[in-house]
Amino acid sequence: MTDVLMPALSPTMEEGTLAKWHVKVGDAVRSGDVIAEIETDKATMEVEAVDEGVIEELLVPEGTEEVKVNTPIARLKGDGEAPQSSAAPTPAPPEGEQKEQLSSPTGGGGPRSAASSPPPPDPSPRGGGEKSDDRIFASPLARRIAKQGGIDLTQLKGSGPHGRIIVRDLEGVKATPATAPTEAAPKPVAARPQPAPAEAPQVRSLEQMGIAPGSYDLVPLDGMKKTIARRMSESFRDVPHFPLTIDIELDALLAARAKINGLLGNDSRVSVNDMLIKAAAIALKRQPDANASYSPEGIAHHHHADIAVAVAIDGGLITPIVRAAETKGLAEIAREMKDLAERARTRKLKPEEFQGGTFSISNLGMFGIKSFASIINEPQGAILSVGAGEKRPVVRGDQLAVATVMTVTLTCDHRVVDGAIGARWLGVFKALVEDPITMIV
């Protein structure tokens, strides 16, 4: 018997909703078959089977919420295998593999679960650098983390069962270019122990704070609301943050946008936000100290400006990412943002499309908000809050004039972006927005 476990679809996922089964009891499944859809707080993803067999039991019904990662959700029996006796003991999972799971997001392979029978012996030893059936012997989560981190799995030796590469084998390993499998594999470097996070304060109930029972309607928190509440509370509590605010004139940018859209046509119309994404990315490359993240090991200076853009969706907020935005033209950024925003609203983004990023932009100008400060989206070092553009009086020399002005606030993680770094970045950003032709120089 093989237990199909609730997969971790991202490194931070702790639970999810089993939205839909694509199989029923008695169905035969092969490795790679889509068996279920799982909803996380941000997206809905298909899950593939890794092992072959026949579905004997669906342990978790469709629509079940808050299913913890690694919880058995179905049971699979091999061809010709007798039904499992209820009295049969379940062997303990191997150490280090308890957090790996049988099922994986579409496109990945994965390990057997803790209740699996051991596979038949392989006549040839399988290390990280050797392949079987043209696939590296690695868990789905290890594959995903390696892909995002630029780690060459062929150069690693797995410590999981039968030489499988698992997450702990990636700890401390830096991104390396792919090399021939004949070269010696680098040994994984053990990560330094991290300090335990500060214990979150206990939240009192409404009744404890004097709100009478029955005087309100209670809407339960869904996965997205819970995740947003937890992450924003942690960031606001643990990150030493401060705001920097300036005013920026927009008339030149609005005139440039009108000319650009006249050339592009309706299919690739550029928004003000698209131009701010481009300006922010260029400013991060010109002031690279602002394009950084804090870690206990040191300050990470990022190679590209990956701009996360806040998009409001039903029930919360998500931040799809324009990767390497400094390398893309305005038309490409506009098309990419339109696609990301549409798929964000239907919760069809892939984890790598909304996780990570080096810098965030949150624009509430379209709601008439003049000025605000956002909470930092860790591990990013800063987030830019954009207010509404409006006609305001400005002083030019000794003369009073009228200009379209917006207020922006840069919230900085003082561990990474101090006041001087933040001020220099805002100076470059302001110059780019007020004279858009400099974006292409």
Side-chain angles (χ1 to χ4, degrees), residues 10 42-43 144 147-150 175 248 250 253 256-257 260-261 264 267-288 290-293 300-313 316-366 374-386 406 408-411 413 417 425-426 428-430 432-433 436 438-441:
S10 73
K42 302 288 188 182
R144 187 157 56 254
K147 181 179 179 181
Q148 294 173 356
I248 300 178
L250 287 178
L253 182 137
R257 173 178 176 261
I260 291 169
N261 284 337
L264 293 176
D267 292 339
S268 302
R269 290 184 64 83
V270 172
S271 69
V272 170
N273 213 49
D274 298 328
M275 299 183 76
L276 297 182
I277 292 170
K278 179 68 173 180
I282 295 174
L284 288 170
K285 294 301 291 182
R286 294 183 182 177
Q287 290 292 323
N291 194 31
S293 298
H301 293 273
H302 302 291
H303 298 160
H304 291 289
D306 297 333
I307 308 295
V309 183
V311 174
I313 62 176
L317 191 73
I318 194 168
T319 52
I321 300 167
V322 179
R323 303 281 180 183
E326 80 281 3
T327 68
K328 297 175 179 177
L330 289 171
E332 184 179 0
I333 290 174
R335 288 191 296 268
E336 188 170 333
M337 269 309 306
K338 181 179 179 181
D339 172 65
L340 288 169
E342 288 177 352
R343 289 191 292 115
R345 296 186 180 101
T346 56
R347 301 199 178 192
K348 296 298 183 183
L349 291 178
K350 301 173 183 178
E352 59 268 24
E353 292 177 316
F354 61 83
Q355 291 177 354
T358 69
F359 185 90
S360 285
I361 294 178
S362 180
N363 190 339
L364 292 179
M366 67 283 294
S374 301
I375 299 175
I376 289 173
N377 186 18
E378 290 188 277
Q380 298 165 16
I383 180 171
L384 185 71
S385 308
V386 180
M406 71 175 180
V408 300
T409 299
L410 184 70
T411 305
D413 179 348
V417 181
W425 183 89
L426 280 171
V428 175
F429 178 76
K430 176 181 173 74
L432 289 165
V433 174
T438 58
M439 292 190 198
I440 61 175
V441 177

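All heavy atoms count here, side chains included; hydrogens, waters and symmetry mates do not. For the single chain, residues carry numbers from 1 onward in sequence order.
When every heavy atom of Thr319 is checked against every heavy atom of Ala310, the shortest pair comes out as CG2-CA, 3.8 Å. The shortest heavy-atom contact between Leu349 and Pro320 is CD1-CB, 4.0 Å. Here the closest non-hydrogen pair linking Leu253 and Pro436 is CA-CG, 3.5 Å. Here the closest non-hydrogen pair linking Arg323 and Gln355 is NH2-O, 2.8 Å. Among all heavy-atom pairs drawn from Ala325 and Ile307, the shortest one is CB-CG1, 3.9 Å. Between Ala256 and Met275, the shortest heavy-atom contact is CB-CE, 4.3 Å.
The CG atom of Asp339 lies 4.0 Å from the CZ atom of Arg343; values are rounded to the nearest 0.5 Å. Here the straight-line distance linking atom CD of Gln287 with atom CG of Leu426 works out to 10.5 Å at 0.5 Å rounding. A distance of 15.5 Å separates CG of Leu340 from NZ of Lys348, quoted to the nearest 0.5 Å. Here CD of Glu332 is found 10.5 Å from CG of Leu330. Values are rounded to the nearest 0.5 Å. Distance check: Thr438 OG1 to Leu432 CG gives 4.5 Å after rounding to the nearest 0.5 Å. Rounding to the nearest 0.5 Å gives a distance of 10.0 Å between CD1 of Ile376 and CZ of Phe359.
Between the side chains of Thr327 and His304, no donor-acceptor pair of N or O atoms lies under 3.5 Å.
Residues that satisfy the salt bridge (charged side-chain N to carboxylate O under 4.0 Å, His left out) test with Arg335, not counting sequence neighbours, are absent from this structure. By the salt bridge (charged side-chain N to carboxylate O under 4.0 Å, His left out) test, Lys285 is found to be paired with no residue, residues two or more places apart in sequence or in another chain being considered. Residues passing the side chain to side chain donor-acceptor pair (under 3.5 Å) test with Ser362, sequence neighbours excluded: none. Shown here are the salt bridge (charged side-chain N to carboxylate O under 4.0 Å, His left out) partners of Asp274, two or more places apart in sequence or in another chain: there are none. Applying the salt bridge (charged side-chain N to carboxylate O under 4.0 Å, His left out) rule to Lys430 yields the partners Glu434; only residues at least two apart in sequence or on another chain are considered.
The side-chain heavy atoms of Met406 and Val272, taken from C-beta on, include no pair separated by under 4.5 Å. Put simply, the side chain of Ser293 reaches to within 4.5 Å of the side chain of His302, judged on heavy atoms. Side-chain contact between Ile375 and Ile383 is absent, with no heavy atoms from C-beta onward closer than 4.5 Å. Between Leu410 and Trp425, some side-chain heavy-atom pair lies under the 4.5 Å cut-off. Two residues are said to be in side-chain contact when any heavy atoms from C-beta on lie closer than 4.5 Å; Thr358 and Ile321 fail this criterion. Asn273 places none of its side-chain heavy atoms less than 4.5 Å from the side chain of Met366.
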### Task
Show the numbers, then the answer: is there a side chain to side chain contact (heavy atoms under 4.5 Å, CB included) between Asn363 and Val309?
CA-CA 8 Å; Asn363 190 339; Val309 183; over 6 Å; no

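For NE2 of His301, the number of neighbouring non-hydrogen atoms (other residues, nucleotides, ligands) closer than 6.0 Å is greater than 12.
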Enumerate donor-acceptor pairs with a distance under 3.5 Å from any side-chain N or O in residues 276-283 to protein atoms, sequence neighbours excluded.
| residue | atom | partner | partner atom | Å |
| --- | --- | --- | --- | --- |
| Lys278 | NZ | Glu326 | O | 3.2 |
| Lys278 | NZ | Lys328 | O | 2.7 |

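In this structure a side-chain-to-backbone donor-acceptor pair under 3.5 Å is missing from Asp413 to Ala382.
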